[in-house]
Amino acid sequence: MIEACIFDLDGVIVDTAKYHFIAWRRLANELGFDFSEEDNEKLKGVSRIDSLNLILQWGGIEMSEDKKQEWATRKNDWYREYILKMGADEMLEGVREFLDQLKANDIKYALGSASKNAGTVMKQIGLENEFQAIIDGTKTTKGKPDPQVFQMGADAMGVAPENCIVFEDAAKGVEAALNGGFYAVGVGKPEHLAKAHMVISGFKNLGWQDILNGIQQ
Ligand code: B16
Ligand code: MG
């Protein structure tokens with residue numbers, strides 16, 4: 001019996017992944033190297049500092065912890081320039097209608113994001129007051145694939161993981177959901193999200209019943 005849903009933010013509710021990519025690429029370019037969109041896939045759902053460590057590894061660059069903090073802050077400033085221009089029109093197609101279906105079916109919903117900017121993005125798109133809980137990178141101590149972020153969301157809603165569906169665009173996020181005993185719906189390309197109970201390309205024209213059928217409830 002499904003009672004609740006937990007949504008990842010970047011790549012599920014909004015396409016901020018493209019802004020993260022632009023900002024990280026700018027950082028790499030300033031350090032004298034580049035990385036591909038395929039590499040960027042490995043950064044999805046990964047915390048800011050872990051993303052920086054991966055990128056530096058790709059560029060073969062070593063730096064002190066202080067310098068890393070400086071670059072991480074610089075990247076975040078570039079990223080925030082983009083998100084502060086966002087409006088409700090940047091909510092991905094079909095998300096609003098899907099949330100309305102959840103409401104109509106008495107299904108609770110929370111946010112489970114690795115991002116420390118999640119609160120800002122939710123405010124920009126006008127969703128800051130409607131989720132039962134917003135669990136983000138400012139509240140967690142462990143990153144995906146650890147299920148902590150989703151467990152905190154489920155606890156805040158008072159539901160058990162086995163009665164809850166997580167929507168995720170990142171392979172690490174799908175893993176986190178499965179590690180916590182949740183149902184996982186991948187949002188994106190099946191080749192990146194093979195472990196999920198089902199994969200959708202997005203929320204456009206998606207019925208709540210399609211999801212229940214897809215995860216075989
Ligand atoms: P920030 P999600 C994740 O958000 C992003 O996918 C990932 O690319 C980003 O590095 C991470 O948040 C941290 O974001 O730098 O804003 O704290 O997909 O878990 O909603
Ligand atoms: Mg994501």
Side-chain angles (χ1 to χ4, degrees), residues 5-30 35-37 39-52 55 71-103 109-140 143-144 149-150 152-153 156 166-174 176 185-189 192-193 200-206:
C5 293
I6 301 179
F7 295 87
D8 172 52
L9 179 64
D10 292 334
V12 171
I13 291 182
V14 285
D15 185 17
T16 36
K18 68 183 177 213
Y19 301 138
H20 280 297
F21 182 42
I22 295 169
W24 281 129
R25 209 167 169 206
R26 179 167 169 188
L27 176 144
N29 291 171
E30 292 204 5
F35 65 90
S36 68
E37 209 159 347
D39 289 331
N40 187 57
E41 207 51 48
K42 300 181 191 115
L43 304 178
K44 290 188 175 173
V46 177
S47 77
R48 195 179 308 164
I49 203 69
D50 289 348
S51 299
L52 177 63
I55 292 166
W71 280 102
T73 302
R74 206 167 295 165
K75 179 268 172 180
N76 195 50
D77 290 344
W78 295 330
Y79 176 67
R80 286 186 65 86
E81 276 176 33
Y82 288 105
I83 61 172
L84 289 171
K85 289 184 199 137
M86 291 175 77
D89 57 327
E90 286 205 46
M91 208 185 298
L92 289 172
E93 227 181 334
V95 169
R96 179 65 270 165
E97 292 76 5
F98 190 74
L99 296 178
D100 290 340
Q101 290 185 64
L102 296 185
K103 273 191 210 164
Y109 49 94
L111 190 83
S113 166
S115 175
K116 291 185 167 142
N117 292 296
T120 305
V121 173
M122 291 293 272
K123 201 166 177 191
Q124 291 292 126
I125 60 174
L127 285 183
E128 77 273 32
N129 291 323
E130 92 163 68
F131 282 50
Q132 289 246 320
I134 294 187
I135 312 295
D136 63 19
T138 65
K139 296 183 177 148
T140 55
K144 301 167 186 176
V149 65
F150 300 134
M152 288 172 78
V166 170
F167 291 86
E168 254 292 350
D169 70 316
K172 283 207 166 58
V174 166
V185 174
V187 184
K189 296 189 183 144
H192 294 135
L193 304 163
I200 56 172
S201 59
F203 291 92
K204 192 179 170 190
N205 299 326
L206 183 72

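Between Lys75 and Glu30 no salt bridge is recorded (no basic side-chain N to carboxylate O distance below 4.0 Å). Between Asp77 and Arg80 no salt bridge is recorded (no basic side-chain N to carboxylate O distance below 4.0 Å).
Side-chain atoms of Glu168 do not come within 3.5 Å of backbone N or O of Leu193 as any donor-acceptor pair.
Checking each of Asp169, Leu111, Val187, Leu99 against Ile13 for a side chain to side chain contact (heavy atoms under 4.5 Å, CB included) leaves exactly one that passes, namely Leu111.
At least one side-chain heavy atom of Trp78 sits less than 4.5 Å from a side-chain heavy atom of Leu27. Leu102 places a side-chain heavy atom less than 4.5 Å from the side chain of Phe7. Using a 4.5 Å cut-off on side-chain heavy atoms (C-beta onward), Trp24 and Leu52 make contact. A heavy-atom distance below 4.5 Å is found between the side chains of Glu90 and Tyr19. Counting heavy atoms from C-beta on, the side chains of Leu43 and Phe35 come closer than 4.5 Å. The shortest side-chain heavy-atom distance between Met91 and Leu127 falls under the 4.5 Å cut-off. Residues Asp8 and Val166 are not in side-chain contact: their nearest non-hydrogen atoms beyond the backbone lie 4.5 Å or more apart.
Interatomic distance, CZ of Phe167 versus CG of Leu9, reported as 14.5 Å (0.5 Å rounding). Atoms CG and OH, from Asn117 and Tyr82 in turn, are 14.5 Å apart once rounded to the nearest 0.5 Å. Going from atom CD1 of Ile49 over to atom NZ of Lys116 covers 8.0 Å, rounded to the nearest 0.5 Å. The CD atom of Gln124 lies 5.5 Å from the CG atom of Leu84; values are rounded to the nearest 0.5 Å. Between the OG atom in Ser51 and the NZ atom in Lys44 there is a gap of 12.0 Å [rounded to 0.5 Å]. Rounding to the nearest 0.5 angstrom, the gap separating the OG atom in Ser115 from the NE2 atom in His20 is 5.0 Å.
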Could you check Arg96 against Glu130 for salt bridge (charged side-chain N to carboxylate O under 4.0 Å, His left out), going step by step and ending with a plain yes or no?
CA-CA 11 Å; Arg96 179 65 270 165; Glu130 92 163 68; 2.7 Å; yes

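Counting non-hydrogen atoms of other residues, nucleotides and ligands closer than 6.0 Å to NZ of Lys189 gives a total of 12 or fewer. The local environment of NZ in Lys123 is sparse, with at most 12 non-hydrogen atoms from other residues, nucleotides or ligands closer than 6.0 Å.
When all heavy atoms are compared, the tightest approach of Ile55 to Ala28 is CG2-CB, 4.3 Å. Scanning all heavy atoms of the two residues, the minimum distance from Ala118 to Asp136 falls at CB-CB, 3.6 Å. Ala170 and Gly45 make their closest contact through CB-N, 4.1 Å (heavy atoms, listed as atom of the first residue, atom of the second, distance). The nearest pair of heavy atoms linking Ala176 to Phe150 is CB-CE1, 3.8 Å.
Ring pair Phe98/Tyr109: centre-to-centre distance not below 6.0 Å.
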